[in-house]
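Just below is one structure, and these are the notes that go with it.
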2 protein chains.
Amino acid sequence: MAARPSIKDVAEYAGVSPKTVSNVINDFEHVSEKTRAAVREAIEALGYRVNIAGRQLRRGRTGMITLAVPELDVAYFAELAKHVMAAADGRGLTVLIHQTGGVRDRELAALHGFDAQFTDGVILSPLALLPRDFATRDTRLPVVLLGESCPAGSADHVGIDNVAAAREATEHLLARGRRRIAVVGGALRGRLGTDRLRTQGYQEALRAASVPFEPELVVPVGAFHWQDGARAVGAVLERGPAPDALLCLNDHLALGALRALHEAGLRAPDDLDVVGFDDIEAGRFSVPSLTTVAPDKAGIADAAVSLLADRIDRASAEDASGHIVAHRLVVRESSGG
Amino acid sequence: MAARPSIKDVAEYAGVSPKTVSNVINDFEHVSEKTRAAVREAIEALGYRVNIAGRQLRRGRTGMITLAVPELDVAYFAELAKHVMAAADGRGLTVLIHQTGGVRDRELAALHGFDAQFTDGVILSPLALLPRDFATRDTRLPVVLLGESCPAGSADHVGIDNVAAAREATEHLLARGRRRIAVVGGALRGRLGTDRLRTQGYQEALRAASVPFEPELVVPVGAFHWQDGARAVGAVLERGPAPDALLCLNDHLALGALRALHEAGLRAPDDLDVVGFDDIEAGRFSVPSLTTVAPDKAGIADAAVSLLADRIDRASAEDASGHIVAHRLVVRESSGG
DNA sequence: CATGCCGATTACAACGATGTAAATAGGCGG
DNA sequence: CCGCCTATTTACATCGTTGTAATCGGCATG
């Protein structure tokens, strides 16, 4: 038998109808023990596996969900992926992971279910999507957004309170006597993304402490990778007097910055403090270890999967809801802990 | 229209038959310009998207492949995933990523195509599979194995020459005068996996240099994560006189080890050398930066995708082939570079 | 013994797309 | 104007699975 056996082959082998085989596969209760055994044996003998395409075509469901993230080599997303898989496992869902590269077209594809057609829903961590992209969204595909928020009401959303998190991190630095805190990866204008929200929290903390805000301490970066953090430090140091702290908007930036500082002969926390966001594994083992804002990744994953599963099950047109997940500041060596 | 529109809806809207719509979608040449335009407009108007399940059912192909790796939060796999996506893009293939957790059952599922049914083939990086698992393999699903080899002839394989790579890394350490080189993550018995092959290369280098092999310098680890590297260093230091070099079988182990050494007051490369495998991003930015064996990840990804695409296209029953991909030793600060 | 009921099994159609083969429509030469 | 040829379009069947509803057979009841 060259071709993959179908339910029909199994039926023939077992001497029953295809539908009975289907009933056995789906644990339908009214099947005699004898028949059930015969079918099981036939399945075993032929090495039959249910064909998901056929099943989906008929049922309209696959039991699979897609997790679409910008880049897997950003540790935060990789770690998140693990938690999402764990959360999905508990609900009998299988997760397929998709990289968008932060490219708008690919994110759109995920949002519209083009790539994700055979999954029942999508958990998407958008980077490049614009508000208008949500207007034309195909609302038949359940979507949960992570991190970046979106125009109200267009899709469920899960994330931490970015403003508060940045405020707390900044307060920590201020409490340590730091006054010239650079925001690596910060943004003052443009899309109201994570970067702007965090920068906002930073500004709030400064204001509350009556520390003047210096716009030139907001250092933009190309991307959120190690080398961008290193480059940013180069730029900052070149520009004039060194700041006394770096609030880096993710851990990769912070770790890249630590390296560049090291090369420049500056040490954290002696010469200046460094704080990151995400609490990735690398920050626990770096030298110095990295102070960071740790989002409750398991909580994010749980909430996202749970919201998505609800949408899928109820095909509900309920209004989109937002979930704020806990975070906490983990103080380590890079800011004196 | 609540439900997702099907090709039939488009046909009706455009006033043609479903098959004509199909012809337009698939760029069949004998379609009049007028009809083509009408169908295009209908597709646009209804927001129609081709249903992959239906297509696969009919065609037997999806244009998607699965990449199944143990853990995405092992940076090597995350980086590899990126290269695989790039390679696949070039061939018009879409990649779905799947985490096995290194759990045998999940790897088996990937191998048997259970999870991956709607993909045309699988690139699998196995950890826990046993030789006998390949015996019962469903050979209808094209599979390419990465890293770990497998019983000859059962599936295509792509990887670096682990023995040579470890030998070269060891030679580098020996050339620097190191004599008591610990192998973190090494193995002397058990499955002939990457760990054993690399340990073997290490032993070969020692023998060639007439340096006695000390079995207690082979330090087993639970997994290949940061904390395992740190733990291994703890064990080694407890046990007696410190080695003068650590050959860590991946970069995570090496970076975890660097941290533990730092805590123990030992510095690389002054007190001892540290070398890793994989050339992950973190090793370029660590303090000290990490000497490592860099596999040609793009080369691995290209070869894997290419082999897989061939199998899929030709449905060939040709004998399995093995591809050895280049590697090179990148010397950085942790071993004096 | 007829009737009704219930559990077990099955026939049939349908999900959406597309390959095959047949039908239809123009166009052109005769 | 007819018939043939080609370009375009269509009808139909099919991929594998499962929901619906019908059928079958056995058993208990009246």
Side-chain angles (χ1 to χ4, degrees), chain A residues 1-40 42-43 46-64 113-114 117-118 120 138 140-141 315, chain B residues 1-40 42-43 46-64 113-114 117-120 138 140-141:
Chain A
M1 177 149 328
R4 175 179 202 127
S6 81
I7 212 168
K8 217 188 294 182
D9 302 313
V10 176
E12 198 168 328
Y13 187 101
V16 298
S17 79
K19 177 62 190 176
T20 297
V21 175
S22 171
N23 286 338
V24 171
I25 294 168
N26 293 289
D27 285 324
F28 180 61
E29 58 180 341
H30 298 303
V31 177
S32 72
E33 231 14 88
K34 211 178 80 184
T35 309
R36 195 180 296 274
V39 171
R40 291 250 163 80
I43 288 176
L46 299 178
Y48 168 79
R49 298 274 167 187
V50 56
N51 177 321
I52 298 192
R55 170 176 286 178
Q56 178 185 18
L57 193 53
R58 185 62 239 226
R59 291 219 276 228
R61 284 275 189 88
T62 57
M64 313 214 162
F114 179 71
Q117 284 210 20
F118 35 39
D120 301 334
D138 181 343
R140 290 181 291 260
L141 178 75
Chain B
M1 176 145 335
R4 173 178 204 128
S6 81
I7 210 168
K8 216 188 291 182
D9 303 312
V10 176
E12 199 168 326
Y13 187 103
V16 298
S17 78
K19 176 62 189 175
T20 298
V21 176
S22 171
N23 285 338
V24 172
I25 294 168
N26 294 288
D27 286 323
F28 180 61
E29 59 181 340
H30 297 303
V31 178
S32 71
E33 230 15 89
K34 210 178 78 185
T35 310
R36 194 181 296 274
V39 171
R40 290 250 164 81
I43 287 176
L46 299 178
Y48 169 78
R49 298 270 167 190
V50 53
N51 177 320
I52 299 192
R55 173 176 284 177
Q56 179 187 17
L57 193 54
R58 187 60 238 226
R59 291 220 275 230
R61 284 276 188 90
T62 58
M64 312 212 162
F114 180 72
Q117 286 213 16
F118 36 39
T119 56
D120 301 335
D138 180 344
R140 290 180 289 259
L141 177 75

- [ ] Would you mind listing every ring-ring contact (aromatic ring centres under 6.0 Å, His included) that reaches into residues 8-29 of chain A, with sequence neighbours excluded?
- [x] A:F28-A:H30

TODO: Output the distance between atom CZ (B:R55) and atom CG (A:L57), rounded to the nearest 0.5 Å.
DONE: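 Between atom CZ of B:R55 and atom CG of A:L57 there are 13.5 Å.
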
TODO: With rounding to the nearest 0.5 Å, note down the distance linking CD1 in B:I52 to CD in A:Q56.
DONE: 9.0 Å

Open item on the list: Just to verify, what does A:R59 make a side chain to side chain donor-acceptor pair (under 3.5 Å) with, not counting sequence neighbours?
Closed with: A:N26

Task: Set of side chain to side chain donor-acceptor pair (under 3.5 Å) partners for A:S6, sequence neighbours left out - done: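 Result, side chain to side chain donor-acceptor pair (under 3.5 Å) vs A:S6: none returned.
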
TODO: Just jot down the side chain to side chain contact (heavy atoms under 4.5 Å, CB included) partners of B:I7, sequence neighbours excluded, or say none.
DONE: B:P18, B:V21, B:S22, B:I25, B:Y48

TODO: Would you please name every residue forming a side chain to side chain contact (heavy atoms under 4.5 Å, CB included) with A:A38, sequence neighbours left out?
DONE: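 A:A38: no side chain to side chain contact (heavy atoms under 4.5 Å, CB included) contacts found.
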
Looking only at heavy atoms, which two atoms of [X] and [Y] are closest? And how far apart?
X     : Y     : value
A:V10 : A:V39 : CG1-O, 4.3 Å
B:R36 : B:E29 : NH2-O, 3.7 Å
A:A11 : A:S17 : CB-C, 3.6 Å
A:S32 : A:T35 : OG-OG1, 2.7 Å

Nucleotide N/O to protein N/O under 3.5 Å, stretch nucleotides 25-27 of chain D:
none

TODO: Would you work out how much the helix from C:dC1-D:dG30 to C:dG30-D:dC1 bends between its ends, with each end axis defined by five base pairs, to 10 degrees?
DONE: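 Helix axis angle between the two ends: 70°.
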
Whole angstroms only, please: what is the [atom1]-[atom2] distance between [X] and [N]?
X     : N      : atom1 : atom2 : answer
A:D27 : D:dT18 : CG    : P     : 12 Å
A:E12 : D:dG16 : CD    : C1'   : 15 Å
B:I43 : C:dG16 : CD1   : P     : 16 Å
B:E29 : D:dT8  : CD    : P     : 9 Å
A:L57 : C:dA14 : CG    : P     : 13 Å

Listed pairs, N/O of protein and of nucleotides 17-23 of chain C, under 3.5 Å:
| from | atom 1 | to | atom 2 | distance (Å) |
| --- | --- | --- | --- | --- |
| C:dA17 | OP1 | B:Y48 | OH | 2.3 |
| C:dA17 | OP1 | B:N51 | N | 2.9 |
| C:dA17 | OP2 | B:I7 | N | 2.4 |
| C:dA17 | OP2 | B:Y48 | OH | 3.4 |
| C:dT18 | OP1 | B:N26 | ND2 | 3.4 |
| C:dT18 | OP1 | B:R55 | NE | 2.7 |
| C:dT18 | OP1 | B:R55 | NH2 | 3.1 |
| C:dT18 | OP2 | B:S22 | OG | 3.0 |
| C:dT18 | OP2 | B:N26 | ND2 | 3.2 |
| C:dT18 | O2 | B:R58 | NH1 | 3.0 |
| C:dG19 | O4' | B:R58 | NH2 | 3.4 |
| C:dG19 | N7 | B:K19 | NZ | 2.8 |

- [ ] Would you tell me if any nitrogen or oxygen in the side chain of B:T20 comes within less than 4.0 Å of OP1 or OP2 on D:dT10?
- [x] yes

Task: Pairs meeting criterion salt bridge (Lys or Arg N to Asp or Glu O under 4.0 Å) with involvement of residues 12-27 of chain B, two or more places apart - done: B:D27-B:R40

Task: Neighbours of DNA chain D within residues 30-37 of chain B, by heavy-atom distance under 4.0 Å - done: B:H30, B:V31, B:S32, B:T35

